[in-house]
There are 2 protein chains.
Amino acid sequence: MFNKETEYALRGLVYISLQNIQDKRPGTAEVAKEIDAPHFYTAKILQRLVRAGFLESIKGKGGGFYFDPDKPEIPLVRLISSIEGDRSFSGCGFGLKHCSESNPCPVHEKYAPIREAINKMVSEETVQSLALKVYNKKHTPEKIKK
Amino acid sequence: MFNKETEYALRGLVYISLQNIQDKRPGTAEVAKEIDAPHFYTAKILQRLVRAGFLESIKGKGGGFYFDPDKPEIPLVRLISSIEGDRSFSGCGFGLKHCSESNPCPVHEKYAPIREAINKMVSEETVQSLALKVYNKKHTPEKIKK
DNA sequence: TTATTAAAAGACCAAATGGTCTTTTTGTAT
DNA sequence: ATACAAAAAGACCATTTGGTCTTTTAATAA
């Protein structure tokens, strides 16, 4: 669905957020290993995310990556768009020529609600909300699980 | 949403089908121009589609591309999968690690119905059904349009 | 049967994406 | 102050994707 960079960024940030909840700041090697991505490539991607302002980092001993709790949460759509543009969310899903709301292509009507659902989801969910879901799931005793 | 090759293939085949309805067999130059794609690249893609058995062609004067009416219609999913695999349709939309039905990642539940809707659409719609929609739309007098 | 037309084949090139590695900088702990 | 640890920077490489162009093959019309 998304390209590799986006996928690694998404998984990496969720993992970092999850660690932050437990007062830890993972480094590049740990993140890469945990999200099953190439180490150096992961490092490069995390650097880009820091430069882009999504994430903070500390160098040197005990360093690593973390989210500034004073910054707002990061909706998935912001993250994804910043990496691969909005081609996944806007425009006609099937790219037929001259497709628009006023002159829709044959699949437009059928695809519109799907695209809307996707947009809703990536706007509502954030890196942090996903991390929290993972955290809660991990820390819910088996007997309580629905 | 899809890559260029898939997009051009999709648009090209729909255009060819639409011309076939009107007993015409367009050539590479015409198809490329009409779907707004690079000429030689379009030619290469159409060749591949012929080799893959989706489409027939005739060389020489009066030649061009056409669909064998004896073959079954082509569901979009078949076309798309043959070009870029099923990565668009299967697997977790967000590629989080270890995501499966039994151990779903945090976005899995939300994404499942979306993926299902996409699958339904690309299974039901065919190149020919899209062409027919375009054809009917074109040949419906304004006053009758809903 | 020849000229012409159009697809097939395939060599080639360009850009984007994915990935590796070394060096430099900066922070921390001792 | 110094050693060490870890991110930052950036050069470099590989693969995939997107695209161009020339030559060959095959069909048709004259």
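Protein chains get the first letters and strands the later ones, always in sequence-line order, with residue 1 at the start of each.
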Can you measure from CZ (B/Phe67) to CG (B/Leu13) and round to the nearest 0.5 angstrom?
4.5 Å
Starting from the 5' end of DNA chain C, give me the residue, A/Lys4 or B/Gly62, whose nearest nucleotide shows up first.
B/Gly62
Any non-hydrogen side-chain atom of A/Thr126 less than 4.5 Å from a side-chain atom of A/Ser129?
yes
So, with a heavy-atom separation below 4.0 Å from DNA chain D, the residues of residues 39-60 of chain B are B/Phe40, B/Tyr41, B/Lys44, B/Lys59, B/Gly60
Which pair of non-hydrogen atoms, one from B/Ser123 and one from B/Pro75, has the smallest distance, and what is that distance?
O-CB, 3.8 Å
How are the rings of A/Tyr41 and A/Tyr8 set relative to one another: parallel (under 30°), tilted (30 to 60°) or perpendicular (over 60°)?
perpendicular
How would you give the extent of chain B contacts on DNA chain C, as first and last nucleotide 5' to 3' within a 4.0 Å heavy-atom cut-off?
C/dT5 to C/dA11
Between the main-chain N or O of B/Ile74 and the side-chain N or O of B/Gln128, is there a donor-acceptor pair closer than 3.5 Å?
yes
Rounded to the Å, how far apart are A/Asn3 CG and D/dT15 C1'?
15 Å
Atom pair distance, as rounded to whole Å: NZ in B/Lys61 and P in D/dA30
6 Å
NZ/NE/NH1/NH2 to OD/OE distance under 4.0 Å, A/Arg11 and A/Glu34
no
Quick check against the 3.5 Å criterion: does B/Asn20 have a side-chain atom that pairs as donor or acceptor with the backbone of B/Asp23?
no
Side chains of B/Glu56 and B/Phe65, heavy atoms from C-beta outward: is any pair under 4.5 Å?
no
